[in-house]
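Below is one structure; the comments refer to it alone.
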Amino acid sequence: MCPHSPTCPPPEDDCRGTARTVAAHPEQGWSLLCNGVLEFEDTGQLLPDGSTVAPHRPTGGARAAA
């Protein structure tokens, strides 16, 4: 599926989001990755088999002491 070297991780891999972007539509909030994954701006993903991965962006970490 991936025409370049090194090849992108398959959609089943946990690091699927590191695949190259082949179509970006920031105005609509999504990008199509080389491995067929649709990645949304909230970091959620739609996999080629129709399954989904919930958004997984950082929640902000520890708060500074006042």
Side-chain angles (χ1 to χ4, degrees):
M1 176 189 291
C2 186
H4 46 264
S5 183
T7 58
C8 292
E12 303 81 27
D13 251 19
D14 286 339
C15 60
R16 67 183 73 79
T18 62
R20 289 189 187 182
T21 300
V22 294
H25 292 277
E27 72 283 358
Q28 295 177 355
W30 62 271
S31 295
L32 175 63
L33 305 181
C34 184
N35 55 8
V37 173
L38 279 175
E39 186 160 63
F40 298 95
E41 66 183 12
D42 68 355
T43 69
Q45 298 171 331
L46 177 62
L47 305 183
D49 66 1
S51 60
T52 60
V53 176
H56 50 275
R57 63 177 142 179
T59 58
R63 294 181 182 221

**Request:** Please round to the nearest 0.5 Å and tell me the distance separating atom CH2 of Trp30 and atom CD of Glu39.
**Result:** 12.5 Å

**Message:** Quick one, Leu33 with Arg16, criterion side-chain contact (heavy atoms from CB on, under 4.5 Å). Give me CA distance, side-chain angles, the key distance, then yes/no.
**Reply:** CA-CA 9 Å; Leu33 305 181; Arg16 67 183 73 79; 6.0 Å; no

**Message:** Other residues, nucleotides and ligands only: do more than 12 of their heavy atoms fall within 6.0 Å of CG on Asp14?
**Reply:** no

Kindly list each side-chain donor-acceptor pair under 3.5 angstrom involving residues 17-25, sequence neighbours excluded, with atom names and distances?
residue: Thr18; atom: OG1; partner: Cys15; partner atom: O; Å: 2.7
residue: His25; atom: ND1; partner: Glu27; partner atom: OE2; Å: 3.3

**Request:** Determine whether Pro55 and Thr43 make a side-chain contact, defined as any pair of heavy atoms from C-beta on separated by less than 4.5 Å.
**Result:** yes

**Request:** Check whether any side-chain heavy atom of Pro48 lies under 4.5 Å from a side-chain heavy atom of Val37, and answer yes or no.
**Result:** yes

**Single-linkage hydrophobic cluster Leu46~Leu32, side-chain heavy atoms < 4.5 angstrom** = yes

**Prompt:** Do you know the tightest heavy-atom contact between Pro9 and Asp13?
**Reply:** CB-OD2, 3.7 Å

